[in-house]
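Side-chain atoms are counted along with the backbone in the values below, which use heavy atoms only and exclude waters and symmetry mates. First listed ligand is number 1; within each ligand, the first listed atom is number 1.
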Amino acid sequence: MHKTEIVLSGIRATGKLHFGNFLGAVQNFVKFQQPGNTCLYFIADLHTLTTLQSPEELRGNLIEIVKDYIAAGLDPEKSVIYAQSSVPEISELCLYLSMLQPLGDLERIPTFKDLIRKNPDNVNLGIVTYPVLMAADILGPKATFVPVGEDQVPNIELARSLATRFNNRFGDTFVIPNMMQHMIRVPGLDGSKMGKSEADNAIDINSPREVILERYLKKGITDPERKRASDPGDPYDRCQSVYSVHELVTPGEVETRTIANACRTAQIGCSECKHRLVDGIAKILEPFQAARAELSEKDDYIKEILHEGGKKARVMIRETTSDVRDKMGIVIY
Ligand code: TRP
Ligand code: SF4
């Protein structure tokens, strides 16, 4: 990323942020807040409705996630922070875009297959149009740069081809967004990607250090072939949930490989290794948790941020939507 960008990313309000989101996504979002960039970060509450939860839960999660964002360093003075539903033009744009989107492509998209696998009793239309709504999120404010996890890549590709199709048919309207796929993958306690909804494998960023330590000690899968502390371990290939997190959080490890070498020569046991890992995690999370605690009772402040963010996002998206409406022949009388 070199020139000035319109950075945009969304997150569904399905639960709280976990340490994987924090390291892999939110810390990047914070870095993009530089002079020249316009950053838009939103809570995809409409996308959340595809896997309907209780209304109270949705309302509550949304506010809590914004508190996490702010405590992690997203600055409402530098970034536009909003709820997707605060900008009704996104839904309108989604409807227009859906007219240019062949159904077959939507049924082949991996996240579609994934969602119906997880919710076989609720294959609703919202799940089918999920990527089109994402395209509206991205194309509405003319985002140039979209940081997402690997699983979202096909959705971004769909947004790019929708934009191209529209531009070819109706003239230059949308900016074709670039994506960043290099978000760090943080393994969860079972070694698979942290935060997979069916696995209890995540580290809650608001947990106190002792709780995080206990979770790693009890559930963190290490090198399964290392039966005794005197057996040499394989940190790179066989250690499933600990070593790759050391590379992300333990200062100097990537340069010195101190822990990796101690593991391979059986000079460190997995329990001590986990203690050291949690030292690194706690060092990152403690300043965040202090800021987060300050916000715990400040729901009104968060609502104010969302209100102001919604107004700013709406100005950008309204303009594109009105252009699209016009080009497609829709007139508001
Ligand atoms: N589908 C994304 C996810 O589950 C969230 C999302 C919605 C999004 N709209 C977006 C991400 C637009 C990037 C851009 O993670
Ligand atoms: Fe993994 Fe550390 Fe155990 Fe080695 S010592 S297997 S890196 S937990």
Side-chain angles (χ1 to χ4, degrees), residues 6-15 17 20-21 24-25 29 40-51 65 82-85 87 90 94 109-112 114-115 126-127 129-141 143 145-156 158-160 177-181 183 187 189 191 193 195-197 216-217 220-247 250 253 257-278:
I6 300 183
V7 183
L8 172 140
S9 197
I11 186 164
R12 295 201 299 149
T14 41
L17 289 183
N21 302 131
F29 296 171
L40 298 120
Y41 300 121
F42 68 96
I43 315 297
D45 52 352
L46 299 174
H47 278 115
T48 311
L49 292 177
T50 54
T51 51
I65 291 175
Y82 58 106
Q84 184 184 34
S85 59
V87 185
I90 295 174
C94 173
I109 226 149
T111 45
F112 172 73
D114 207 41
L115 278 167
I127 291 179
T129 52
Y130 189 108
V132 184
L133 182 56
M134 258 182 88
D137 292 332
I138 297 167
L139 303 178
F145 187 77
V146 186
V148 284
E150 209 185 340
D151 59 324
Q152 297 297 314
V153 169
N155 289 336
I156 311 296
L158 188 129
R160 288 166 56 94
N178 290 313
M179 64 185 132
M180 184 184 87
Q181 325 170 19
M183 304 244 280
L189 295 167
K193 184 182 166 198
K196 276 209 334 218
S197 42
Y216 269 104
L217 290 175
I221 299 183
T222 59
D223 176 351
E225 287 176 36
R226 196 175 183 206
K227 304 272 188 286
R228 284 171 232 90
S230 56
D231 296 340
D234 176 354
Y236 300 113
D237 294 323
R238 291 200 308 260
C239 179
Q240 298 182 27
S241 74
V242 178
Y243 188 69
S244 51
V245 185
H246 266 299
E247 293 184 317
T250 304
E253 178 58 23
R257 300 289 172 195
T258 312
I259 289 167
N261 292 332
C263 169
R264 292 159 72 173
T265 51
Q267 281 167 21
I268 188 175
C270 292
S271 161
E272 192 197 332
C273 186
K274 288 173 170 179
H275 275 82
R276 289 221 224 154
L277 178 76
V278 174

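Given atom 3 (Fe) of ligand 2, the protein heavy atom at minimum distance is Cys270 SG, 2.3 Å. Among all non-hydrogen protein atoms, the one lying nearest atom 5 (S) of ligand 2 is Arg226 NH1, 3.1 Å. Remark: minimum distance from atom 5 (C) of ligand 1 to any protein heavy atom is reached at Gly10 O, 3.5 Å. Remark: minimum distance from atom 2 (Fe) of ligand 2 to any protein heavy atom is reached at Cys273 SG, 2.3 Å. Nearest non-hydrogen protein atom to atom 2 (C) of ligand 1 is Gln152 OE1, 3.4 Å. Remark: minimum distance from atom 4 (O) of ligand 1 to any protein heavy atom is reached at Tyr130 OH, 3.3 Å. Among protein heavy atoms, atom 7 (C) of ligand 1 sits closest to His47 ND1, 3.4 Å. For atom 8 (S) of ligand 2, the closest non-hydrogen atom on the protein side is Thr222 CG2, 3.4 Å. Looking from atom 9 (N) of ligand 1 to the surrounding protein, the closest heavy atom is Asp137 OD2, 2.7 Å.
Heavy-atom contacts of Cys239 reach the following atoms of ligand 2: 1 (Fe), 6 (S), 7 (S), 8 (S) (cutoff under 4.0 Å). Within ligand 2, the atoms closer than 4.0 Å to a non-hydrogen atom of Asp223 are 6 (S), numbered from 1 in the order shown. Each of the following atoms of ligand 2 lies closer than 4.0 Å to a heavy atom of Val242: 8 (S). Proximity to Tyr243 (heavy-atom distance under 4.0 Å) selects the following atoms of ligand 2: 7 (S). Heavy-atom contacts of Phe42 reach the following atoms of ligand 1: 9 (N), 10 (C), 12 (C) (cutoff under 4.0 Å). Near Ile138, with a cut-off below 4.0 Å to any heavy atom, the atoms of ligand 1 are 12 (C), 14 (C). Within the listing of ligand 1, atoms 7 (C) sit less than 4.0 angstrom from a heavy atom of Ala44.
Summarising the geometry, atom OH belonging to Tyr216 is positioned 5.0 Å from atom CG belonging to Leu277; distances are rounded to the nearest 0.5 Å.
Looking at Gln84 against ligand 1, nothing comes within 4.0 Å, counting heavy atoms. Contact annotation for Leu8 and ligand 1: only side-chain heavy atoms (C-beta onward) come within less than 4.0 Å of the ligand.
At least one heavy atom of Cys263 sits closer than 4.0 Å to an atom of ligand 2.
With Asp114 contributing its side chain and Pro110 its backbone, the two residues share no donor-acceptor pair below 3.5 Å. In this structure, His246 contributes its side chain and Arg276 its backbone to no donor-acceptor pair below 3.5 Å. Between the Asp223 side chain and the Asp234 main chain, a donor and an acceptor come within less than 3.5 Å of each other.
With a 4.5 Å cut-off on side-chain heavy atoms, Arg12 and Thr50 count as touching. The closest side-chain heavy-atom distance from Cys239 to Arg226 is not below 4.5 Å.
When all heavy atoms of Ile156 and Ile138 are compared, the pair lying nearest together is CD1-CD1, 3.8 Å. Residue Arg264 comes nearest to Pro235 through the heavy atom pair CG-CD, 3.5 Å, listed as atom of the first residue, atom of the second, then distance. For the pair Thr111 and Asp151, the tightest heavy-atom approach, listed with the atom from each and the gap, is CG2-O, 3.6 Å. The heavy-atom pair separating Ala13 from Ile65 by the smallest distance is CA-CD1, 3.7 Å. When all heavy atoms of Gly191 and Ser241 are compared, the closest pair comes out as N-CB, 4.2 Å. Heavy-atom minimum distance, Pro154 versus Glu150: CD-O, 4.1 Å.
The distance between the ring centers of Tyr243 and Tyr236 falls below 6.0 angstrom.
Here's the thing with Asn155: none of its N/O atoms is less than 3.5 angstrom from an N/O atom of ligand 1. In terms of polar-atom proximity, Ser9 is not counted as a contact of ligand 1, lacking any N or O under 3.5 Å from an N or O of the ligand.
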